[in-house]
Number of protein chains: 2
Amino acid sequence: MHFESIIKQIKARREDLQVTQVMLADLSGVSLRALKQFESGKGNPTLETLSKLAGAMGMEVRLQVKIPQVK
Amino acid sequence: MHFESIIKQIKARREDLQVTQVMLADLSGVSLRALKQFESGKGNPTLETLSKLAGAMGMEVRLQVKIPQVK
DNA sequence: ACAAAAAGTGCTTTATAATACTCTTTTTAG
DNA sequence: CTAAAAAGAGTATTATAAAGCACTTTTTGT
């Protein structure tokens, strides 16, 4: 599975807000280890974990119908 | 955590497509048990599981900056 | 109303996410 | 350059998601 775009979004948002991993872990209630694991591309977080991280940065997890990509 | 809206979206999409849980489990490669668990509101799926379910129905998991709700 | 299909539950096992340390590597300010 | 901060990694433990099975309940079409 490739979660690169979601990972990138989390990192980009965090950096935009000038929040460190330690701060985000603290704010979100997610362990620092799990956050590091996820941001470094090694993770498969639960929806709860992802929601906590997103929520702490004013984002939310959504489902969207895929736009057909014309190749 | 309350994932009601995501659960509703999955169920609604599945019903729109006239796909049963058995069919979706099969198509997505997610176990029937995990799908039932999630749709019945008892689950906390991993991002991989949620992505598989969404993907099989032409949807994708996305993060979105929350729109401030005026109460 | 009833039979069939679909949805949901109980139980167990296995796999792995989350956690909590410690330690190393990389990035950043000064 | 280099000290401090931040990011990433190793290991162990605990919690729980995923899976597979059988079984029950609910929904549906006739």
Side-chain angles (χ1 to χ4, degrees), chain A residues 1-69 71, chain B residues 1-69 71:
Chain A
M1 283 275 158
H2 19 116
F3 305 137
E4 293 110 27
S5 85
I6 290 179
I7 294 171
K8 270 186 199 163
Q9 274 187 86
I10 288 283
K11 285 177 89 159
R13 177 74 173 174
R14 184 173 61 73
E15 281 157 15
D16 279 357
L17 298 175
Q18 301 203 72
V19 168
T20 65
Q21 289 181 337
V22 170
M23 290 161 78
L24 178 54
D26 200 47
L27 284 168
S28 64
V30 168
S31 75
L32 182 57
R33 195 69 175 78
L35 171 56
K36 284 173 182 299
Q37 198 75 2
F38 178 55
E39 278 200 7
S40 63
K42 309 258 168 60
N44 177 24
T46 62
L47 179 52
E48 181 173 3
T49 294
L50 184 57
S51 294
K52 282 180 181 173
L53 294 174
M57 298 192 295
M59 303 202 293
E60 62 189 1
V61 180
R62 299 205 48 183
L63 294 184
Q64 190 162 108
V65 174
K66 259 185 257 182
I67 295 113
Q69 291 303 333
K71 270 267 181 68
Chain B
M1 283 275 163
H2 18 121
F3 306 136
E4 293 111 30
S5 84
I6 289 178
I7 295 172
K8 270 187 199 161
Q9 275 187 84
I10 288 282
K11 285 177 89 158
R13 177 74 174 175
R14 184 173 62 72
E15 282 157 16
D16 279 357
L17 298 175
Q18 301 205 70
V19 168
T20 66
Q21 289 182 337
V22 170
M23 290 160 78
L24 178 54
D26 201 47
L27 285 169
S28 63
V30 168
S31 75
L32 183 56
R33 196 67 174 79
L35 172 54
K36 285 174 182 297
Q37 198 76 1
F38 178 54
E39 278 201 8
S40 63
K42 310 254 167 64
N44 178 23
T46 62
L47 179 53
E48 180 172 3
T49 295
L50 184 58
S51 293
K52 283 180 181 173
L53 293 175
M57 299 193 293
M59 303 203 298
E60 62 189 0
V61 180
R62 300 206 47 184
L63 293 184
Q64 192 161 107
V65 175
K66 259 186 255 181
I67 294 111
Q69 290 303 334
K71 268 270 180 64

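What you see below is based on every heavy atom in this structure, not just the backbone, and it leaves out hydrogens, waters and symmetry mates. In the text below, chain A, chain B and the rest are named by the order of the sequence lines, each starting its count at 1. Values in this document were obtained by computation on a predicted structure and should not be read as measured data.
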For B:Gln21 and A:Pro45, find the nucleotide of DNA chain C closest to each by heavy atoms; which residue's nucleotide sits nearer the 5' end?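 Its nearest nucleotide being more 5', the pick is B:Gln21.
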Taking the nucleotide of DNA chain C with the nearest heavy atom to each, does B:Lys36 or A:Gly29 sit closer to the 5' end?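 The residue closer to the strand's 5' end, by nearest nucleotide, is B:Lys36.
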Could you check how far CG of B:Asp26 sits from C1' of D:dG20, rounded to whole Å?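 Atom CG in B:Asp26 sits about 15 Å away from atom C1' in D:dG20.
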Mind calculating the distance between CD (A:Gln37) and P (D:dG10) to the nearest angstrom?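 Whole-Å distance recorded here is 9 Å.
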Go through it in stages, so that I can follow the logic: the residues are B:Gln9 and B:Arg13, the test is side-chain hydrogen bond (donor to acceptor under 3.5 Å, both in side chains), and I'd like the CA-CA distance, side-chain angles, deciding distance and then a yes or no. CA-CA 6 Å; B:Gln9 275 187 84; B:Arg13 177 74 174 175; over 6 Å; no
Which nucleotide wins on minimum distance to the side chain of A:Ser40, given the candidates D:dA18, D:dG8, D:dA19?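 Selected nucleotide (nearest to the side chain): D:dG8.
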With a 4.5 Å limit on heavy-atom distance, are the side chains of A:Val30 and A:Phe38 in contact?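 No, too far: nothing below the 4.5 Å cut-off.
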For residues B:Phe3 and A:Val61, determine if any side-chain heavy atom of one lies less than 4.5 Å from a side-chain heavy atom of the other.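 No; the side chains remain at least 4.5 Å from each other.
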A:Lys42 vs B:Leu50, nearer the 5' end of DNA chain D by closest nucleotide: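 So the residue in question is A:Lys42.
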It should be established whether B:Ser31 places a side-chain nitrogen or oxygen under 4.0 Å from OP1 or OP2 of nucleotide D:dA19.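 Yes, within the criterion.
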Should the pair A:Lys52-A:Glu48 be classified as a salt bridge under the 4.0 Å nitrogen-to-oxygen rule?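 Salt bridge flag = yes for A:Glu48 with A:Lys52.
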Going by modelled atom types, is there a donor-acceptor pair between the base of C:dG8 and the side chain of B:Arg33 at under 3.5 Å?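 Side chain to base: no pair below 3.5 Å.
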